[in-house]
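Heads up, the thing below is written out as structure tokens.
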Amino acid sequence: MSIVISSVKEMHRLSSELKRANNKIGFVPTMGYLHEGHISLIRASKRKSDATVVSIFVNPIQFAPNEDFNKYPRDFNRDKKMLQSEGVDAIFYPSSSEIYPENFQTYVTVEKISQILEGTFRPAHFKGVTTIVNILFNCVKPDIVFFGQKDAQQAAIIKQMIADLKMDIEISIEPIVREQDGLAMSSRNIYLNEKERRDALVLYNSLCLAEKLINSGERNKERIVTEMQLIINSVESSKIDYIEIVEQTTFSISNTLERGKSYYVLVACWIGTTRLIDNILVTI
Ligand code: PAF
């Protein structure tokens with residue numbers, strides 16, 4: 001039985017109790033509407049810790065006013081069943097007023113790395129993410145936390161924050177889980193209609209082409225990006241926000257790829273009215 005906790009005080013009490021009994025606490029923060037991607041994080045936590053806590057909180061401050069906070073899919077009963085069948089120890093499911101009471105005024109920002117790529121298109125997003133992740137870490141007191149490679153920039157930012165703020169927390173970044181045809185799992189895939197769902201494959205196809213080009217010796221970023229654009233622009237419903245290649249750990253943008261290094265090829269793209277992101281990691 002997974003216990004459901006909605007108050008911060010109760011969460012503090014449970015975490016302290018688990019720690020007193022020498023349990024290593026694994027934590028998977030989510031916004032709910034769980035899919036196989038989340039389940040893979042939960043399974044990793046079950047393998048690497050003694051007690052797994054999963055939070056479900058659709059964080060209002062990481063959405064801009066014109067974004068999809070109100071329509072973001074929510075189904076707590078479905079999520080709870082999934083978490084129970086995975087044998088999660090506790091589900092932290094606080095209300096918005098529990099997290100952000102009226103006089104709330106403290107925010108956490110990771111500077112440089114939050115300002116590029118996603119940060120250019122969603123300027124307040126990462127400040128919202130790092131603030132809520134800090135709050136959740138303070139509530140759950142995890143020893144190890146699990147994030148998906150799907151949000152590679154988010155994971156790199158959290159890693160930076162953990163290091164900068166000297167948090168005694170290990171971070172594990174787990175590989176992307178894909179549908180059979182290659183589309184990266186995302187709670188937002190539910191917004192796609194049948195045609196858009198087919199069109200959305202251009203993201204993965206463009207990443208596969210990039211990987212193929214790199215593996216066959218292409219080192220020039222512009223040429224790789226141009227080939228990817230051709231694939232994505234072949235469907236009318238698409239509109240590219242960015243395609244970029246960054247070094248894996250620093251997220252520095254590279255025009256020429258160097259031997260011995262690993263890079264994320266990243267894409268953010270609209271399919272109709274749905275914004276999708278995806279990436280692959282390549283080592284040269
Ligand atoms: O990746 C997400 O689902 C969210 O950004 C997170 C980390 C749960 C913070 O709200």
Side-chain angles (χ1 to χ4, degrees), residues 2-8 10-12 14-15 18 24-49 51-63 69 72-76 78-80 82-83 86 88-96 98-100 106-110 114 118 122 125-163 165 167-177 185-188 277:
S2 320
I3 89 163
V4 178
I5 294 176
S6 52
S7 91
V8 169
E10 265 302 290
M11 192 63 245
H12 279 155
L14 176 74
S15 304
L18 287 168
K24 178 174 179 179
I25 302 179
F27 177 45
V28 182
T30 82
M31 298 206 298
Y33 213 71
L34 305 175
H35 50 69
E36 286 302 316
H38 298 110
I39 299 300
S40 81
L41 301 181
I42 290 161
R43 292 186 180 158
S45 173
K46 300 232 1 147
R47 280 195 307 276
K48 297 183 187 175
S49 66
T52 292
V53 179
V54 176
S55 65
I56 296 179
F57 182 68
V58 186
N59 176 34
I61 69 164
Q62 70 185 71
F63 292 81
F69 174 70
Y72 197 85
R74 294 161 171 90
D75 189 342
F76 180 68
R78 169 183 171 279
D79 289 344
K80 187 170 140 193
M82 286 169 82
L83 294 174
E86 290 299 319
V88 160
D89 296 273
I91 306 169
F92 184 41
Y93 182 54
S95 65
S96 214
E98 182 72 6
I99 297 295
Y100 301 118
T106 303
Y107 296 85
V108 178
T109 313
V110 174
S114 293
E118 284 300 286
R122 306 182 71 191
H125 173 66
F126 286 126
K127 178 180 174 190
V129 170
T130 40
T131 300
I132 187 62
V133 168
N134 253 278
I135 295 170
L136 294 170
F137 285 0
N138 286 333
C139 295
V140 174
K141 305 185 186 92
D143 297 289
I144 178 163
V145 293
F146 296 85
F147 287 83
Q149 186 200 313
K150 161 85 177 6
D151 295 294
Q153 190 178 1
Q154 167 174 279
I157 289 168
I158 302 295
K159 208 168 173 180
Q160 184 74 41
M161 178 186 81
I162 288 175
L165 298 185
M167 294 172 161
D168 188 12
I169 297 175
E170 189 186 330
I171 178 166
S172 182
I173 299 169
E174 301 294 324
I176 297 178
V177 179
M185 299 256 180
S186 162
S187 305
R188 288 188 169 99
I277 58 173

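Throughout, residue positions are numbered sequentially from 1 according to the sequence presented.
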So do the side chains of [X] and [Y] get within less than 4.5 Å of each other, counting heavy atoms only?
X      : Y      : value
Ile61  : Ile132 : no
Val108 : Met161 : yes
Pro60  : Ser96  : yes
Leu14  : Glu10  : no
Leu136 : Val145 : no
Ile171 : Ile144 : no
Glu86  : Arg43  : yes

* To do: Let me see the working for Phe63 and Val58 under side chain to side chain contact (heavy atoms under 4.5 Å, CB included), right down to the final yes or no.
  => CA-CA 9 Å; Phe63 292 81; Val58 186; 3.9 Å; yes

Closest heavy-atom pair and its distance - [X], [Y]:
X      : Y      : result
Ile5   : Met11  : CG2-N, 3.6 Å
Ser187 : His38  : OG-CE1, 3.8 Å
Tyr107 : Lys127 : CB-CE, 3.4 Å
Asn134 : Met167 : OD1-CE, 3.1 Å

* To do: Go through the structure and list residues passing ring-ring contact (aromatic ring centres under 6.0 Å, His included) with Phe147, not counting sequence neighbours.
  => none

* **Check: Ser45 main-chain N/O paired with Ser49 side-chain donor or acceptor under 3.5 Å** => yes

Pairing residues for [X] by the side chain to side chain contact (heavy atoms under 4.5 Å, CB included) criterion, not counting sequence neighbours:
X      : value
Lys46  : Ile42, Thr52
Pro175 : none
Arg122 : Glu67, Glu118, His125, Arg188, Arg275

* To do: Please list, chain by chain and in numerical order, all residues satisfying salt bridge (charged side-chain N to carboxylate O under 4.0 Å, His left out) with Glu98, sequence neighbours excluded.
  => none

* What residues, two or more places apart in sequence or in another chain, satisfy salt bridge (charged side-chain N to carboxylate O under 4.0 Å, His left out) together with Arg78? -> none

Rounded to the nearest 0.5 Å, what separates atom [atom1] in [X] from atom [atom2] in [Y]?
X      : Y      : atom1 : atom2 : value
Leu41  : Ser172 : CG    : OG    : 8.5 Å
Phe57  : Gln62  : CZ    : CD    : 9.0 Å
Ile91  : Leu83  : CD1   : CG    : 4.5 Å
Thr130 : Phe137 : OG1   : CZ    : 10.5 Å

Using the side chain to side chain donor-acceptor pair (under 3.5 Å) criterion, which residues pair with [X]? Sequence neighbours excluded.
X      : value
Tyr100 : Asn59
Thr106 : none
Gln154 : none
Ser2   : none

* Asked: Between Phe76 and Tyr93, is a side chain to side chain contact (heavy atoms under 4.5 Å, CB included) present by the stated rule, with each step listed?
  -> CA-CA 9 Å; Phe76 180 68; Tyr93 182 54; 3.6 Å; yes

* To do: Please lay out, stage by stage, how Val129 and Ile158 fare under the test side chain to side chain contact (heavy atoms under 4.5 Å, CB included).
  => CA-CA 9 Å; Val129 170; Ile158 302 295; 4.2 Å; yes

* Scan residues 134-163 for pairs that pass salt bridge (charged side-chain N to carboxylate O under 4.0 Å, His left out), counting only residues two or more places apart or in two chains. => Lys19-Asp143

Review item, side-chain donor-acceptor pairs of residues 25-36, under 3.5 Å, at least two apart:
from	atom 1	to	atom 2	distance (Å)
Thr30	OG1	Gly32	N	3.0
Thr30	OG1	Ser55	O	2.8
His35	ND1	Gly37	N	3.0

* Phe69 ring centre to Arg74 NZ or CZ under 6.0 Å, with the angle to the axis within 45°? -> yes

